[in-house]
Novice: 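Below is a structure I'd like to ask you about.
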Amino acid sequence: MTTQQENTKRIAKNTLMLYVRMLFGMLVSLYTSRVVLQALGVEDYGIYNVVGGFVAMFSMISSSLSSSVSRFLTFELGRGDMEQLKKVFSTSLYIHLALAGIVFLAAESVGVWFLNTQMTIPTDRLYAANWVFQASLVAFMFGLFSVPYNASIVAHERMTTFAYFGILDIILRLFIILFIAYAPFHFDRLIVYSLLLVVLGISMQAVYWIYCKRHFEECRLQFRFYRDIWRAMGAFAGWNFIGCTAGLLKEQGVNILLNLFIGPVINAARAIAGSVNNVLSSFAGNFMTALNPQITKSYAAGDYSYMFSLVEQGSRFSYYILLVFALPVLFETDFILTLWLKSYPEHTVNFVRLVLLVTMCDILSNTLINLQSATGKIRNYQLAVGGMLLMNFPLSYICLKLGFPPESVLIVALLVAVCCLLLRLLFLRRMVGLPVRRYLYKVCGNVVVVTFVALLLPLLFMWQMQDGFLRFFVVSLLSVVCTISSVYWIGCTSHERNFIRIKVLAVLKNKYAYIHR
């Protein structure tokens with residue numbers, strides 16, 4: 001078996017394990033999201049999301065460092081340099097220790113002031129909001145130290161570990177939610193919910209620490225200062241800071257704007273839309289988690305041909321996976337939300353649809369972002385693409401200030417996402433010779449045609465049928481069948497169709513042999 005065939009098999013195995021975790025999490029999430037909303041109430045649910053999101057604003061520095069750690073660990077694994085790998089891991093721990101002190105001081109000064117004087121929170125719930133803030137900060141501080149360990153698991157492609165630990169985390173979260181919803185005694189549910197999630201987060205991080213120290217040789221702290229690695233990782237993280245800041249302002253910054261202009265109820269609507277989006281995008285996200293280390297390793301090994309094919313296939317198939325599950329939701333958003341939540345805040349339907357459209361555009365850039373990170377040369381890229389992403393915040397502010405509806409912030413995000421995709425292609429053509437014309441034809445043009453063909457028949461039935469369960473069933477079934485058919489006959493090459501046939505026949509053959517054993 002060739003190296004590329006082994007890599008393909010590894011990617012498929014890792015993706016399968018991540019999907020096991022994701023499907024279990026999705027089933028639990030569909031139940032718990034409704035329970036949490038009913039247990040906390042719309043207002044407290046909105047407060048929890050906006051305050052927790054505000055704490056995430058302080059993680060923009062750690063996010064840039066996380067990308068730096070993941071890139072350097074995966075790159076050294078691709079080169080096979082164990083000594084350098086140990087130095088990178090040890091240095092990353094020291095960097096995150098220093099960062100923890102900076103974030104703590106910023107959060108306890110600027111953060112507390114902003115929460116209590118600037119945000120739109122009912123006076124009688126401000127006390128609880130401060131508890132949520134402190135709990136989220138503690139969870140963030142502990143999570144900060146886990147970044148190098150989690151990055152090591154991804155770099156080593158131990159996705160089975162992620163699957164098992166992820167399932168454990170989901171089960172424990174389910175117990176917490178059930179306790180909050182059905183405990184027979186009275187307490188402030190918002191405060192207790194946030195504190196229990198902190199305890200869970202610390203416990204799960206401890207599990208990751210123990211696993212990494214036992215299984216990975218490089219996960220040991222060395223009491224030495226490696227100036228060259230500090231400089232290299234710091235420079236990478238510093239330029240990557242622009243993109244991470246832009247991403248957080250796009251999500252949490254805009255969420256705060258909505259709170260300031262409208263109030264916590266609109267944050268609840270956006271949080272529900274985010275929950276739906278997270279469930280659906282995780283289908284494609286798990287595939288990308290399994291694929292991305294191979295892109296970095298192929299770049300480190302100088303195998304550009306294989307790297308370009310991974311980038312193109314990763315973009316196409318991650319989009320196809322998302323399309324299969326997103327199309328029924330786009331058609332039947334109102335029915336699904338009513339079936340799931342019974343009642344929901346105003347604007348939720350539009351938020352769900354627009355958030356999914358933004359994600360479908362963003363997902364085409366995922367492999368491009370990873371390829372750019374693999375090069376380690378990100379200064380000019382971050383200045384251009386990060387600068388474009390930063391426009392989400394001021395443009396959203398202008399729209400809300402002018403009195404446009406809250407949906408306008410997501411239309412801004414969609415337009416900015418398209419511009420960023422084009423900028424990424426231009427930079428990668430110059431930096432690594434990415435064939436842009438081929439990418440536009442084989443990826444962008446391909447997914448547009450596949451999407452157009454897939455939505456024709458379901459859209460026709462949706463227009464002709466009355467609202468209700470029958471239309472939901474027919475339209476959803478047609479959406480899935482038409483999307484799969486369109487992907488298979490239009491979206492896949494002849495080689496890919498042959499590969500799919502072989503795998504499907506092998507699965508059916510094994511099932512038949514098992515039944516007749």
Side-chain angles (χ1 to χ4, degrees), residues 29 32-63 100 103-144 146 169 172-183 185-205 248-249 251-275 278 345:
S29 178
T32 56
S33 296
R34 174 177 172 175
V35 174
V36 170
L37 180 60
Q38 293 177 342
L40 297 181
V42 171
E43 188 173 76
D44 273 8
Y45 186 71
I47 291 173
Y48 178 80
N49 281 278
V50 73
V51 174
F54 179 64
V55 173
M57 293 285 289
F58 291 95
S59 70
M60 54 189 174
I61 304 174
S62 69
S63 298
V103 172
F104 178 79
L105 292 175
E108 291 294 353
S109 54
V110 177
V112 172
W113 166 81
F114 190 85
L115 171 66
N116 288 278
T117 63
Q118 303 299 312
M119 295 186 69
T120 305
I121 296 174
T123 305
D124 61 330
R125 299 306 294 151
L126 193 58
Y127 175 76
N130 276 274
W131 271 98
V132 173
F133 180 87
Q134 296 297 332
S136 300
L137 180 60
V138 171
F140 166 73
M141 299 288 287
F142 276 89
L144 199 59
S146 300
D169 181 70
L172 294 176
R173 286 179 184 272
L174 175 61
F175 286 151
I176 289 174
I177 292 169
L178 292 175
F179 171 77
I180 293 297
Y182 301 113
F185 42 88
H186 178 74
F187 54 88
D188 191 309
R189 294 181 177 181
L190 179 58
I191 294 176
V192 174
Y193 179 58
S194 59
L195 291 177
L196 288 177
L197 288 181
V198 170
V199 174
L200 173 60
I202 295 173
S203 301
M204 289 305 304
Q205 296 304 337
L248 281 166
L249 286 176
E251 298 298 330
Q252 306 303 339
V254 171
N255 206 27
I256 291 174
L257 285 179
L258 289 170
N259 176 267
L260 295 175
F261 278 94
I262 302 173
V265 173
I266 199 67
N267 296 124
R270 197 165 191 263
I272 293 170
S275 297
N278 290 338

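Quick caveat: nothing in here was measured; it's all calculated off a predicted structure.
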Novice: Can you sort out the partners of V138 under side-chain contact (heavy atoms from CB on, under 4.5 Å), two or more places apart, ordered by chain and number?
Specialist: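 Partners of V138 under the side-chain contact (heavy atoms from CB on, under 4.5 Å) test: F142, V198, I202.
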
Novice: With F179, which residues qualify under side-chain contact (heavy atoms from CB on, under 4.5 Å), at least two apart?
Specialist: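 Listed in chain order: A183, F185, F187, V192, L196.
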
Novice: Measuring from atom CD1 of I176 to atom CG of L197, what distance do you get when rounded to the nearest 0.5 angstrom?
Specialist: 5.0 Å

Novice: Excluding sequence neighbours, so at least two apart, what forms side-chain contact (heavy atoms from CB on, under 4.5 Å) with I262?
Specialist: L258, I266, P406

Novice: Could you name each residue pair satisfying salt bridge (charged side-chain N to carboxylate O under 4.0 Å, His left out) that touches residues 118-127, not counting sequence neighbours?
Specialist: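 Residue pairs passing salt bridge (charged side-chain N to carboxylate O under 4.0 Å, His left out), neighbours aside: D44-R125, R125-D188.
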
Novice: Enumerate the salt bridge (charged side-chain N to carboxylate O under 4.0 Å, His left out) contacts for residues 190-200, please, sequence neighbours excluded, ordered by first and then second residue.
Specialist: none

Novice: Quick one: CZ on F104 to OG on S109, what's the gap to the nearest 0.5 Å?
Specialist: 9.5 Å

Novice: Could you check if a side-chain atom of L190 sits within less than 4.5 angstrom of a side-chain atom of S194, using non-hydrogen atoms only?
Specialist: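 In short, these two side chains do not touch, never coming nearer than 4.5 Å.
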
Novice: Working to the nearest 0.5 angstrom, can you tell me the gap between N130 CG and Y127 OH?
Specialist: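 So the CG of N130 and the OH of Y127 are separated by 9.0 Å.
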
Novice: Can you sort out the partners of F261 under ring pair (Phe, Tyr, Trp, His ring centres under 6.0 Å), two or more places apart, ordered by chain and number?
Specialist: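 For F261 the ring pair (Phe, Tyr, Trp, His ring centres under 6.0 Å) partners, ignoring immediate neighbours, are Y397.
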
Novice: Mind listing the closest non-hydrogen atom pair of I180 and R189 along with its distance?
Specialist: O-NE, 3.4 Å

Novice: Nearest 0.5 Å, what's the CG-CG distance between L200 and L195?
Specialist: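 The CG atom of L195 is 12.5 Å from CG of L200, to the nearest 0.5 Å.
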
